[in-house]
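Keep in mind the model is a prediction, meaning the values are calculated, not measured.
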Amino acid sequence: MKHVDPLCRSDDIPDGGAIAVENVLEMGGSVLLMREGERVFAYQNICPHAGKRLDWSPGKFLFDNGLLVCTAHGACFKVADGLCVSGPCRGESLSAVAIEIDGGEVRLQQT
């Protein structure tokens, strides 16, 4: 991971919501950024069930009772750890992406 520019500012992510940032990982694809208060969580924008994107339209995500919902098959994920708590991939987790927040800017964690 060699992306040094900020992905976004933490306040660009709606509290209780999510955004997607495209083509920042070495393998391409989309990073899903979700925010709860001051905390930001990052995952690959791929459902572990069928390998499909989680958004219903690029960068548009569905939440139900504080859970992220995969629009393809209805799997529901906890924001804080990406664990699937219901649906076809129950017990599996989203693939976490290491980030850091510096001065309100969200960046990929440098390795």
Lys/Arg N to Asp/Glu carboxylate O, R9 vs D12, below 4.0 Å: no

Any L68 side-chain heavy atom under 4.5 Å of M34 side chain: yes

Test item: D15 side-chain N/O and G37 main-chain N/O as donor-acceptor pair under 3.5 Å: yes

Separation of D11 CG from E38 CD (nearest 0.5 Å): 9.0 Å

Connected via hydrophobic side-chain network under 4.5 Å: F63 and W56: no

Heavy-atom closest contact (V97 atom, Q44 atom, distance): CG2-N, 3.6 Å

Distance, nearest 0.5 Å, that separates CG of L62 from OG of S57: 12.5 Å

Heavy-atom closest contact (I46 atom, L54 atom, distance): N-CD1, 4.0 Å

Contact check, side chains of I19 and C8, non-hydrogen atoms, under 4.5 Å: yes

Atom pair CZ (R90) and SG (C76), whose distance is rounded to the nearest 0.5 Å: 10.0 Å

Contact check, side chains of L94 and L83, non-hydrogen atoms, under 4.5 Å: no

For F77 against G82, the heavy-atom pair lying closest together: CD2-O, 3.3 Å

Closest approach of A75 to C84 (non-hydrogen atoms, all atoms of both residues): CB-SG, 3.9 Å

Within one Ile-Leu-Val-Met-Phe-Trp-Tyr cluster: V21 and L32, side-chain cutoff 4.5 Å: no

Reported CG-to-OG distance for the pair D64 and S86, which is rounded to 0.5 angstrom: 9.0 Å

Single-linkage hydrophobic cluster, 4.5 Å side-chain cutoff, L108 and I101 together: yes

For A18 against F61, the heavy-atom pair lying closest together: CB-CD1, 3.7 Å

Which atom of K60 lies closest to which atom of D55, heavy atoms considered: O-CB, 3.0 Å

Side-chain donor or acceptor of R35 paired with backbone N/O of I13 under 3.5 Å: yes

Gap between atom CD of E105 and atom CD of E100 - 0.5 Å precision: 10.5 Å

Main-chain N/O of N45 paired to R53 side chain as donor or acceptor, under 3.5 Å: no

Y43 (side chain) donor-acceptor with S93 (main chain) under 3.5 angstrom: no

Non-hydrogen side-chain atoms of L33 and V31 separated by less than 4.5 Å: yes

Side-chain heavy atoms of L67 within contact of V79, under 4.5 Å: no

